[in-house]
Amino acid sequence: MKTAFELHSLHNDQWLLVKEGPDLRQIEPAAALLIDRKEVDGVRIVRRRDYLDHDFKSHITVRKRLRPGVAETDPLQIANPGRDASWCDKPEDFTGDVQRQVIRGLFARYLDDVRVTPLEVLYYEAAARALDNAGTLVQGALQRLASQQVRGSQQSAVSRMKELMAMVDDGLSRLLAKAKGNPVPPLAPGGLKALSDKLAAGGADPIPGLYRATAAYLAGCKSWMEKLDRLFRLFSPELTVREMRIIDSIAAEIMGSSLALRELVGKEADRIELVLNAINLYVGKLGKLGKVEMDAAASHLPGVITLSELLAQGVLPRTLAELRLGLLRHLHARLPFHGERNIQDELRALVRIQDHLKVTAPTLVNDEEIQEAIALRADKLIQPEAMSDVMALARGTYSKINLILSLVNMAPGRQAKAKLAPYLRSLIVPDDIVWDMGCQNRRMDIIQPLSELSDRIQNAGLPETSKREMLDILDSALFETVRTEIVGNQAMGFADRMLALINTCGGLPEGRARTFASETLTTALRRPEFILNYLERFESATERRDNYFKLCENLAASRLVPPALIPHAAA
């Protein structure tokens, strides 16, 4: 395996390949210069891994920066090397990785209905003929592909459509011609290595023949699970990379279907279950597929168990890449993870996914692109209409504050937390909180709730500027409450005011209010008559002694004054 880095630039919703190199340090300076160009809407740096033996490449976006106001239509779009990455000049080009992904997208419903993969269509004449005979399906798909490929070029979609039709007709004719008088070699479980050696002995490239024979062997499967079972019954320990490529490539295309995952976990499963099970499958934990139990028959299919074991060993790079890509597709999809789209449920689902990744698949939890997808999904959930709906569920200012803070604590990523900050800020109005909690006639009672609220805001991971603004508002309200309702309350005796400071202000957050309470108590403790006058209200020596020690304990617990000023502590 070889690692390289690519620099891509975004122009009119199209990513273009600008530069590549073996060292990230060669790419970063060029990316910094590129983002400043007016015609560039964004840049990204991609880590590419080349599996040379498998003739396969995987891509992971490690850095991305978009201009303000720019949003990608497809965050998983492949960069074009000057023209559309799926471009074909000859029939053989349809077998490329990008081209097969496009085929999967264009014919997804048909392929799922008949349980056939693009590789089987491209290499097995029976599958190719069946697709060609499926009405106007091919023509319609090629029209869409032609429109996509000519974007940004001088060629018309009509002329490109004619070229694609000619290539498809030529490719099908050649496939049928090769098959004529050339029966498919028989293939049985465990026989892939022998067939590979036999085809290689003929001097020609054995790969097309192996795909053809495997497709014929898999023909007629009624479900993806049946196909996976039959496919992995071909595995044997003596297989070389050449044969493993055949199994891995077809398995990857099967796992590219969400229907295959649904067959693993049950068709009624929520999308969150599909995601969690895809993560489990990625690390080869097929027997631990979450809440929804696997179908009893599928759970014992030997080939499916072999798939799980090989994934755990990391010897199926294409299938692993497809499962990872499937996870990204689920994260970027607009469909909710649960039956109904609800901010709270969706954020809980994201937290559940993150927690599951941490426990089950550490390599994925550290994946930059997956973390960005999670943060982006959370950010997209937080829209004015959706926030209005969720806030309508809470009554009263303090309940709404608690609701928003719970969303902030759940939201993954700084971007989503920053987006929630204005909603929380609009609710931080101390007078509204006082009235909501019924403390207007005894404002001293609001000290503890406001102090606790300050602590929660302090630890919620909000942007520093927003957090500081809210904390300052609460601190000012606390300061005024301590100053007027306790220290300046002439209806209370001096000792009672000091006791009120001790009993209500220990939880004050750092700020003006706490400093004021601390300085006031410090001054009082330096006046011996405070404690003496306080103790005179008790008749017996025993009561005075007990309350003296209790006072010292409360002073220490409040942490409002230095320990040296507390008489009992000093003693």
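Positions are given from 1 along the sequence.
Contact record, Met492 with Arg497: O-NE, 3.1 Å, taken as the closest heavy-atom pair. The shortest non-hydrogen separation linking Ala79 to Leu16 is CB-C, 4.2 Å. Across every non-hydrogen atom of Leu555 and Val561, the tightest pair is CD2-CG2, 4.2 Å. Of all the heavy atoms in Leu427 and Thr397, the pair that sits closest is O-CG2, 3.5 Å. Residues Gln77 and Asp13 share a closest heavy-atom pair of NE2-O, 3.1 Å. Minimum heavy-atom separation, Asp112 to Ser257: OD1-OG, 2.6 Å.
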ask   = Can you list the steps and then say if Asp50 with Arg48 is a side-chain contact (heavy atoms from CB on, under 4.5 Å)?
value = CA-CA 6 Å; Asp50 300 342; Arg48 190 186 77 228; 2.8 Å; yes

message = Run Glu322 and Arg329 through salt bridge (Lys or Arg N to Asp or Glu O under 4.0 Å) and show every step you take.
response = CA-CA 10 Å; Glu322 185 57 52; Arg329 289 194 191 103; 2.9 Å; yes

task = Could you give me the CA-CA distance, side-chain angles and deciding distance for Asp355 and Arg348, then say whether salt bridge (Lys or Arg N to Asp or Glu O under 4.0 Å) is met?
result = CA-CA 10 Å; Asp355 291 344; Arg348 287 191 190 99; over 6 Å; no

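The pair Arg324-Asp367 meets the salt-bridge criterion, since a charged nitrogen lies less than 4.0 angstrom from a carboxylate oxygen. Contact check on Arg63 versus Glu368 returns no salt bridge, with no Lys/Arg side-chain nitrogen under 4.0 Å from an Asp/Glu carboxylate oxygen. The pair Arg318-Asp97 meets the salt-bridge criterion, since a charged nitrogen lies less than 4.0 angstrom from a carboxylate oxygen. The existence of a salt bridge linking Glu273 and Arg352 is confirmed by a sub-4.0 Å separation between a basic side-chain nitrogen and an acidic carboxylate oxygen. One finds no salt bridge joining Arg377 and Asp379 here, because no Lys/Arg side-chain nitrogen approaches an Asp/Glu carboxylate oxygen to under 4.0 Å. Ion pairing of Asp436 with Lys400 is absent here, as no side-chain N (NZ or NE/NH1/NH2) approaches a carboxylate O to less than 4.0 Å. One finds no salt bridge joining Glu6 and Lys57 here, because no Lys/Arg side-chain nitrogen approaches an Asp/Glu carboxylate oxygen to under 4.0 Å. Salt bridge annotation for Lys550-Glu553: absent, with no cationic side-chain nitrogen under 4.0 angstrom from a carboxylate oxygen.
In the model, Ser9 has a side-chain atom that pairs as donor or acceptor with a side-chain atom of His11 under 3.5 Å. Judged purely by distance below 3.5 Å, without hydrogens or angles, the side chains of Asp74 and His332 never pair a donor atom with an acceptor atom. Defined by atom type and a distance below 3.5 Å, a donor-acceptor pair is present between the side-chain atoms of Arg456 and Asn402.
With sequence neighbours excluded, the residues forming a side-chain hydrogen bond (donor to acceptor under 3.5 Å, both in side chains) with Gln371 are Gln354, listed by chain and number.
Within a 6.0 Å radius of CD in Glu385, other residues, nucleotides and ligands contribute 12 heavy atoms or fewer. The environment of Glu39 atom CD is dense: over 12 non-hydrogen atoms of other residues, nucleotides or ligands sit within 6.0 angstrom. Counting non-hydrogen atoms of neighbouring residues, nucleotides and ligands closer than 6.0 angstrom, the CD atom of Glu469 exceeds 12 such neighbours. Sparse packing is recorded around CZ of Arg65, with 12 or fewer heavy atoms of other residues, nucleotides or ligands lying under 6.0 Å away. Within 6.0 Å of CZ on Arg468 lie more than 12 heavy atoms contributed by other residues, nucleotides or ligands. The local environment of CG in Asp36 is crowded, with over 12 non-hydrogen atoms from other residues, nucleotides or ligands closer than 6.0 Å.
For the pair Asp475 (side chain) and Ala513 (backbone), a donor-acceptor distance under 3.5 Å is present. Using modelled atom types, no side-chain atom of Ser388 and backbone atom of Pro384 make a donor-acceptor pair closer than 3.5 Å.
Asn280 contributes atom CG, which lies 11.5 Å from atom CG of Leu311 (distance to the nearest 0.5 angstrom). Atoms CZ and CE, on Phe530 and Met498 in that order, are 7.0 Å from each other to the nearest 0.5 Å.
In this structure, Arg544 forms no cation-pi arrangement with Phe538, as its terminal cationic atom is not both closer than 6.0 Å to the ring centre and no more than 45° off the ring axis.
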